[in-house]
Each structure stands twice: as structure tokens, then as C-alpha cells.
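Data first, discussion second: the structure below is written as C-alpha cells.
Naming convention: chains lettered A, B, ... in sequence-line order (proteins, then strands); numbering from 1 in each chain. This is a predicted model, so every value here is computed, not measured. Just so it is clear, the values below take in all heavy atoms, side chains as well, and ignore hydrogens, waters and symmetry mates.
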Amino acid sequence: MSAPQSDFLKILTERGFIHQCSDLQGLDAKARAGELVAYVGYDCTAPSLHVGHLLSIMMLHWLQETGGKPITLMGGGTTQVGDPSGRDETRKLLTVEQIETNKQAIKQVFSRFLRFGPGGADAVMADNAEWLTPLNYIAFLRDVGRHFSVNRMLSMDSVRLRLEREQELSFIEFNYMILQAYDFVELNRRYGCILQMGGSDQWGNIVNGIDLGRRMGTPQLYALTCPLLTTASGAKMGKTAAGAVWLNGDMLSPYDYWQFWRNTEDADVGRFLKLFTTLPMDEIARLEALRGSEINEAKKRLATEATALLHGREVAEQAAETARKTFEQGSLSENLPTVAVPTAVLETGLGVLTAFGPDYAKLVPSISEARRQVKGGGLRVNDQPVTDERAVLSLKDLTAEGVIKLSFGRKRHVLLRAA
RNA sequence: GGGGGAAUGUCCCGAGCGGCAAAGGGGGCGGACUGUAAAUCCGCUGGCUUACGCCUUCGUAGGUUCGAGUCCUACUUCCCCCA
């Protein structure tokens with residue numbers, strides 16, 4: 001297969017976004033011929049997207065950069081049904097209210113990566129609740145359902161795996177692929193969208209959309225998937241101590257987001273720079289070639305660039321500076337997460353365990369956990385290890401800056417400030 | 001409809017002759033080593049308490065017992081076989 005000619009596919013290829021494509025040459029021709037309209041669908045199962053979704057968002061970003069029109073499709077309708085792809089068990093059905101709340105919370109993040117507006121090349125936000133909710137069951141069965149063969153549906157991975165493992169697959173989930181296929185057709189009719197992108201687990205669903213389009217008379221549609229995101233050591237990516245790596249700032253602070261990227265494994269740095277930053281390829285090649293401890297420079301660059309895309313340049317620089325002071329100088333940074341403690345409490349004396357626990361710094365989830373961590377040497381106050389679990393913090397523990405620095409492990413720090 | 005099996009520490013898998021805060025993994029967290037990396041080694045992994053200790057946990061609800069994850073009864077859910 002010859003190398004793609006269109007800017008869009010050239011970039012995606014050299015940056016490692018492409019896992020599978022239904023017809024790379026055909027799509028390449030379309031991309032060169034004129035404005036390419038493509039969409040990615042996002043379920044509203046959580047109140048924020050996470051790093052796993054970032055890959056597909058970046059694909060939309062590059063699409064717009066190269067003159068195409070991106071559509072972000074909110075799954076306001078499909079989330080009510082539940083996608084069985086890649087899941088062992090039926091997910092709990094969310095209430096319509098929860099879905100709506102999640103949808104609103106998720107929406108905001110896209111504007112960081114895409115320009116929305118009424119113009120031709122502006123990005124569009126759609127919501128499949130708009131056309132799925134009013135569907136009439138009988139009419140839908142006759143218009144759309146008749147194009148689906150149950151024999152073939154049973155052979156789709158999402159269904160087959162459940163059946164093979166003898167795990168329950170409810171009828172409602174069985175319908176998911178039909179709805180997603182219909183979305184593709186609907187978006188083609190409304191916006192002339194001819195390409196659906198997504199994670200590799202979406203391949204089956206996307207291809208169904210292409211087939212349905214052919215039967216229902218749309219122009220040729222295309223599928224393009226990106227690889228599943230894992231770290232070089234094989235772990236599924238996107239977890240920190242605190243849980244998932246959320247994109248919404250109120251669920252994961254920009255500082256923690258920066259830290260997440262800073263802690264990338266050596267072997268992943270080059271790959272992640274290509275996928276999650278917009279740095280030019282020759283710059284990435286230079287960074288990626290760094291060896292030994294020099295690769296830390298590349299990791300900092302990765303962290304700052306990735307954070308800048310999501311939270312803005314200024315916030316990213318600030319996170320970088322906070323990290324530099326904390327880790328490289330070992331000095332205090334005012335920008336570490338801060339918790340206010342009433343002065344009266346410090347006058348009386350605050351037990352260390354309590355200070356680290358859920359009532360104050362929230363570095364550990366319980367007093368018992370704090371106790372265990374003292375035994376294991378994991379807690380420090382003003383950089384001094386806590387050895388006595390009965391120790392008490394008071395006003396004289398305040399540093400010159402007027403704070404008490406609490407640390408859990410090497411990496412997590414919180415400042416207590418008298419208030 | 002009939003017969004059989006299963007649900008364990010709310011991250012997962014999984015042992016458990018009536019004395020169990022409950023074996024063992026995985027995962028996670030902490031420590032050492034490093035470069036805020038990987039690999040490796042060590043420790044921890046229900047809540048509360050300065051401490052003796054107290055409290056809450058084995059699908060749900062009752063019962064037997066000094067004492068129940070372990071025995072009995074009913075219920076719920078899932079699986080298998082027969083119809």
C-alpha cells in the first residue's frame with residue numbers, strides 16, 4: 001500500500017494514530033478531494049472523559065488542522081442502552097438524569113482541542129438523543145432493523161465473546177450496534193459525514209454503520225480506528241493513585257495531570273509525544289533520542305505540552321514550575337495543593353494522623369491507613385519522616401512561609417495553612 | 001416445571017474439619033535502589049483507639065450453638081442438567 005498523500009492521513013500515519021482503516025486509499029482520495037467530515041462518538045457514562053479518550057480527540061484535532069470538519073457526537077441516546085463492546089458484564093443502567101449531567105460536564109473539554117462554530121470548517125457538537133429518542137419502534141424495525149442479519153450480529157466480537165464466555169448479554173445491549181450504525185447514517189444525512197473514527201474496540205460497530213449506509217443508500221462511508229492505549233510495560237494506561245486520569249480540571253487538577261505525564265515510562269516517551277502533543281516531528285525525534293537521565297527533559301516537555309493543550313499554556317507552565325521547585329530544588333512551592341486549618345486547631349494541637357487523614361490533607365483515606373504508613377515510613381512533615389504516630393502539629397511547625405508541608409510518599413504533597 | 005451447583009475481605013481471582021479479622025495470588029500503596037523511569041528486593045493492604053482492646057465484615061432474613069463464613073430454614077441472583 002502506498003503512503004497516504006493527504007495531509008490528514010499523512011499526519012495520522014506518522015504520529016501513530018492509525019490502527020485499522022476500512023479503505024485507506026479510498027479515504028485518502030476523499031481527504032485530498034475536499035473537506036472531509038468525520039465524527040467520533042462519546043458515551044456519557046462518567047462525569048468526565050479521561051486520557052483514553054484523548055487519542056480520538058487528537059484525531060479530530062488534526063482533522064480540523066488539515067481543513068476537515070470534526071463532529072463530536074454525544075451519546076445522549078446510546079448511553080441509555082449501553083455498549084457491550086469490550087465488557088464482560090452488563091453495565092449498570094444509568095438514569096436519564098445522570099446521563100444528562102454527565103453530558104453537560106463532558107462537553108466543555110472539547111473546546112480546548114477544537115474550534116466550534118457555525119462556519120464550514122468549524123467543529124460541530126451533536127447528540128444522538130436528538131434522533132434516537134423520538135424513534136418509533138415499529139417504524140425503526142422496518143426501516144433499519146431489516147438490514148441487520150442476526151446471524152452476522154451474533155458473530156460480532158462484542159456479542160460472540162459474551163456468548164462464548166457464557167456471560168449474560170441482555171437484549172437491550174444487543175441493540176447497541178444497530179443504534180450506533182444508525183448514528184453514522186444519520187450524521188451522513190445531516191452533515192455529509194463519511195468517516196467515523198474511534199478506539200480499536202469500536203471497529204465492529206463502525207463497520208456495521210458502513211454496511212447499513214450502503215443498504216440505505218448513503219455514499220461510501222469509511223472507518224478509521226486508533227490503537228488501544230497501553231504503557232510499554234503492558235499496563236492499561238490511565239490510572240493514577242487517585243484513580244482515572246480525568247480530563248476535567250475539577251476532577252483532576254492541572255498539577256496532577258502534569259505529574260501523570262511526567263511519570264511516563266522511558267519507553268513510551270516518543271510514542272506519547274507524537275500522540276499527545278502537537279510538537280513538530282523533528283523536535284520529537286530530537287527529544288526521543290535523549291538517553292539515560294536526559295530523557296527526563298523529554299518527559300517534562302511532554303508533560304507541559306500535553307497539559308498546555310488541555311488547560312492552557314500558562315497553567316501548564318505553572319504546574320511545571322511547581323514541580324521544579326518541589327522535586328528539583330526541594331523547596332516549597334506555594335502552588336502545591338493547600339488545605340486551610342483553623343488557627344485555633346493548631347493552637348490546641350493537631351494529631352499527625354488526623355492531619356494526613358480525610359478531615360484535612362486527604363493524603364490517606366483513613367486514620368488507620370495513616371498509622372500503617374507511619375510504620376512503613378511513608379509520611380513526612382516538613383520533609384522530616386514521621387516516626388511517632390502520636391506526634392502533634394502545632395503553630396511552631398509552621399515554616400517561614402507560614403505553612404506545614406505534609407508529604408505522602410515521594411510524590412504527593414499538601415500544604416497546611418493556618419486560617 | 002423437575003434435579004444439581006454457586007455466591008467469601010464492596011478492586012479482581014480465590015482457599016476456608018464450628019473458635020476467623022478469615023490462607024494464597026493479582027492489582028494497589030509505601031520503603032530501598034534510581035533519573036519523579038523500568039526491572040528487582042522488602043513491607044503494608046476493614047474501621048476506631050496512646051494502649052489493653054472495641055466495632056463492622058463472608059448474597060438477604062431468620063434459627064441451632066457458649067461460639068457460625070463454616071450446620072439448619074426461607075428468600076434473592078447466577079450457572080448446569082432434564083422437560
Side-chain angles (χ1 to χ4, degrees), chain A residues 46 87-92 162-170 230-245 255-273 287-304 306-307 319-331 333 336-337 349-359 361-381 383-393 405-414:
Chain A
R87 305 202 123 240
D88 282 349
E89 295 171 355
T90 304
R91 46 171 112 221
K92 202 176 58 182
R162 285 277 187 91
L163 295 180
E164 278 176 4
R165 295 180 197 163
E166 297 179 338
Q167 275 149 345
E168 152 113 0
L169 176 75
S170 70
T230 55
T231 67
S233 39
K236 36 207 171 302
M237 184 174 157
K239 294 281 187 182
T240 65
V245 181
Y255 172 76
D256 287 328
Y257 189 73
W258 193 94
Q259 281 297 325
F260 166 74
W261 292 108
R262 174 61 246 263
N263 286 305
T264 297
E265 294 177 27
D266 287 9
D268 288 324
V269 172
R271 190 159 57 103
F272 287 179
L273 280 166
L287 291 168
E288 177 174 34
L290 296 173
R291 284 291 165 264
S293 61
E294 285 189 336
I295 201 161
N296 284 323
E297 290 311 310
K299 291 186 189 179
K300 287 181 218 166
R301 196 68 193 283
L302 167 65
T304 301
T307 306
E321 178 59 14
T322 300
R324 196 185 65 76
K325 280 188 183 160
T326 306
F327 287 97
E328 292 176 28
Q329 281 184 356
S331 65
S333 170
L336 285 172
L350 176 60
V352 253
L353 299 180
T354 309
F356 278 91
D359 291 341
K362 297 180 177 56
L363 283 167
V364 294
S366 70
I367 301 298
S368 295
E369 176 63 16
R371 202 184 305 279
R372 278 192 291 269
Q373 288 300 340
V374 168
K375 290 196 181 81
L379 302 185
R380 276 167 296 135
V381 172
D383 298 318
Q384 295 301 309
V386 178
T387 52
D388 180 6
E389 59 184 54
R390 280 170 293 182
V392 170
L393 301 181
K405 182 182 178 191
L406 303 185
S407 309
F408 174 42
R410 287 287 142 194
K411 297 182 184 175
R412 272 167 289 168
H413 312 277
V414 165

**Request:** Output, in order, the C-alpha distance, side-chain angles, deciding distance and verdict of side-chain contact (heavy atoms from CB on, under 4.5 Å) for A:Leu336 and A:Thr322.
**Result:** CA-CA 7 Å; A:Leu336 285 172; A:Thr322 300; 3.9 Å; yes

**Item:** Candidate pair A:Phe356 and A:Val414, rule side-chain contact (heavy atoms from CB on, under 4.5 Å), full reasoning
**Value:** CA-CA 9 Å; A:Phe356 278 91; A:Val414 165; over 6 Å; no

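To the nearest angstrom, P of B:rA37 lies 15 Å from CZ of A:Phe272. Rounded to an integer number of Å, the gap from A:Gln373 CD to B:rG31 P is 8 Å. Atom CZ in A:Arg301 sits about 20 Å away from atom C1' in B:rG35, given to the nearest Å. Atom CG of A:Asp268 and atom C1' of B:rG35 are 16 Å apart (whole Å). The interatomic distance linking A:Arg380 (CZ) with B:rG31 (C1') rounds to 11 Å, in whole Å. Here B:rG31 presents its C1' atom at 11 Å from CZ of A:Phe408, a figure rounded to the nearest Å. A straight line from CD of A:Gln329 to P of B:rU36 spans 14 Å, rounded to a whole angstrom. Regarding A:Asp359, its CG atom lies at a distance of 14 Å from the C1' atom of B:rG47, rounded to whole Å.
Annotation: B:rG5 and B:rG26 have their C1' atoms spaced 26 Å apart (nearest Å). Between B:rU57 and B:rA38, the two P atoms lie 39 Å apart (nearest whole Å). Comparing B:rU76 with B:rU10, their P atoms sit 27 Å apart, to the nearest whole Å. Comparing B:rC78 with B:rC71, their P atoms sit 24 Å apart, to the nearest whole Å. With C1' as the reference atom, B:rU8 and B:rU77 are 16 Å apart, rounded to whole Å. Nucleotides B:rA21 and B:rC58 are separated by 11 Å at their C1' atoms, to the nearest Å. B:rA6 and B:rG18 have their P atoms separated by 16 Å, given to the nearest Å. Between the C1' atoms of B:rG69 and B:rU56, the separation comes to 15 Å (whole Å).
Of the candidates B:rG35, B:rC29, B:rA38, B:rA38 carries the atom nearest the A:Glu265 side chain, counting heavy atoms from C-beta on. Listed nucleotides B:rC29, B:rC48, B:rU36 differ in distance to A:Ala323; the shortest reach to its side chain belongs to B:rU36. For A:Ser293, the side-chain atoms get nearest to B:rG35 when compared with the rest of B:rG35, B:rC29, B:rU50. The side chain of A:Arg372 lies closest to B:rG46 when the candidates are B:rG46, B:rA37, B:rC29. The side chain of A:Trp258 lies closest to B:rU36, out of B:rA38, B:rU36, B:rG30. Here B:rC48 is the nucleotide among B:rG31, B:rC48, B:rA37 with the atom lying nearest to any side-chain atom of A:Ser366. Each of B:rG35, B:rG31, B:rU36 was ranked by its minimum atom distance to the side chain of A:Asp266; first place goes to B:rG35.
Side-chain N/O atoms of A:Lys411 include none lying less than 4.0 angstrom from OP1 or OP2 on B:rG35. Taking only side-chain nitrogens and oxygens, A:Arg291 never comes nearer than 4.0 Å to OP1 or OP2 of B:rG35. For the pair A:Arg262 and B:rG35, the criterion of a side-chain N or O lying under 4.0 Å from OP1 or OP2 is not met.
At the heavy-atom level, A:Thr264 lies under 4.0 Å from the strands shown only through sugar-phosphate atoms. Using a 4.0 Å heavy-atom distance criterion, A:Ile295 is classed as a base contact. No contact: A:Lys375 has no heavy atom under 4.0 Å from any strand.
For A:Gln259 and B:rU36, a side-chain-to-base donor-acceptor distance below 3.5 Å is present, hydrogens and geometry of angles not being considered.
The minimum heavy-atom distance linking A:Leu406 with A:Ala355 is given by the pair CD1-O, 3.8 Å.
Across the strands present, B:rC29 finds its partner in B:rG43; the criterion is a Watson-Crick or G-U wobble pair with both atom distances under 3.5 angstrom. Across all strands shown, the partner of B:rC48 is B:rG53, judged by Watson-Crick or G-U wobble contacts whose two distances both fall under 3.5 Å. Using the Watson-Crick or G-U wobble rule with both distances under 3.5 Å, B:rA7 pairs with B:rU76.
Listed by chain and residue number, nothing satisfies the salt bridge (Lys or Arg N to Asp or Glu O under 4.0 Å) test with A:Glu294 (two or more places apart in sequence, or in another chain).
Along RNA chain B, the nucleotide nearest A:Leu353 and the nucleotide nearest A:Arg324 are compared for position; the residue whose nucleotide lies closer to the 5' end is A:Arg324. Each of A:Leu379 and A:Lys300 has a nearest nucleotide on RNA chain B; the 5'-most of these lies closest to A:Leu379.
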For nucleotides 51-53 of chain B, tabulate all protein N/O to nucleotide N/O atom pairs closer than 3.5 Å, reporting atom names and distance.
| residue | atom | partner | partner atom | Å |
| --- | --- | --- | --- | --- |
| B:rA51 | OP1 | A:Glu389 | OE2 | 3.4 |

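More than 90° away from 0 lies the glycosidic angle of B:rC48, which makes this nucleotide anti.
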